[in-house]
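Here's the structure, in structure tokens; my notes come after.
Nothing here was measured: the structure is a model prediction, and the numbers come from that model. All ligand and atom numbering here is 1-based and tracks the order in the structure. Scope of the values below: all heavy atoms of this structure, side chains included, with no hydrogens, waters or symmetry mates.
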Amino acid sequence: MDSEAFVKDLDARNQELLRRLAPEATLEPEVEGDLSVVNLLKVALKNEIEATETAARWLVTTAEVDVKLALARQVGDEAKHYRLIADRLEELGFDARRFDPLAKGYGPLFQYLDTLTTTVERVAAGQFTREAIAIVKNRQFIEFCEAAGDAATARLYRETIEPDERHHHDLGRRLLLRYAGTLESQEAARRAARRTLELAEELQGVALRTAGIHHAPGC
Ligand SMILES: [Fe+2]
Ligand SMILES: [Fe+2]
């Protein structure tokens, strides 16, 4: 199929799997306990620093100039998100400056993305798919913040972070249209997208079982 038909098909497959990441029911924020805006923003810091670094690593090992520039923009955006979230955590009374989100190491999704070497896989996994996951998760997180009465965090996500993540997803779409023209590249892109979604689903399950955390924002 041509790249336009391919991207449409990949989007439909992704959306199908993304439905599994939607919550079963509206969840109640806990005043005491693990499920709080502060704890979810700490998870967000880890996501943002990992997204920054993935894009930065790829930037220097990608040949195509348009992809380099898309990755450079993403590095800047994800680093900006980190700073904004850290500032919000400070307002909420958490000392984010002393917090190292990588103290326990990089997560499985970061490690998987780091193994991808071709442009089409990187764009399919890291931008088109990871950022589609972020759009779903951030929508859930915004609802969570509103239910928790935290209008300022909800606004930060709705007005600044979410539009950037959407832009990253759209960059992925544009680059796939350009680079996923052959059967071989389409198969590689599809595999990378599927693995990214599988890992996101696994990670969500693990976070829920081990830390009681759900509704963590994406990146
Ligand atoms: Fe992003
Ligand atoms: Fe981000």
Taking atom types as modelled, find out whether His215 and Gln140 have a side-chain donor-acceptor pair closer than 3.5 angstrom.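 The criterion, which ignores hydrogens and geometry beyond distance, is not satisfied for Gln140 and His215.
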Could you pull out all residues at least two apart from Arg178 that satisfy salt bridge (charged side-chain N to carboxylate O under 4.0 Å, His left out)?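 Asp66.
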According to the salt bridge (Lys or Arg N to Asp or Glu O under 4.0 Å) rule, which pairs have a member within residues 182-191, sequence neighbours left out?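 Salt bridge (Lys or Arg N to Asp or Glu O under 4.0 Å) check on residues 182-191 returns Asp9-Arg190.
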Strictly under 2.8 Å, how many protein N, O or S atoms lie near the Fe ion (ligand 1)? Waters don't count.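 Protein heteroatoms (N, O, S) closer than 2.8 Å to the Fe ion (ligand 1) number 5.
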Ring pair (Phe, Tyr, Trp, His ring centres under 6.0 Å) partners for Tyr82, two or more places apart: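 Tyr82: no ring pair (Phe, Tyr, Trp, His ring centres under 6.0 Å) contacts found.
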Any side-chain heavy atom of Leu45 within less than 4.5 Å of one from Leu89?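 Yes, side chains in contact.
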Which is the closest N/O/S atom of Glu48 when seen from the Fe ion (ligand 2)?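 The Fe ion (ligand 2) is closest to the Glu48 atom OE1, counting only N, O or S.
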If you count heavy atoms of other groups shown closer than 6.0 angstrom to CD of Glu4, is the number above 12?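 Not more than 12 within 6.0 Å, no.
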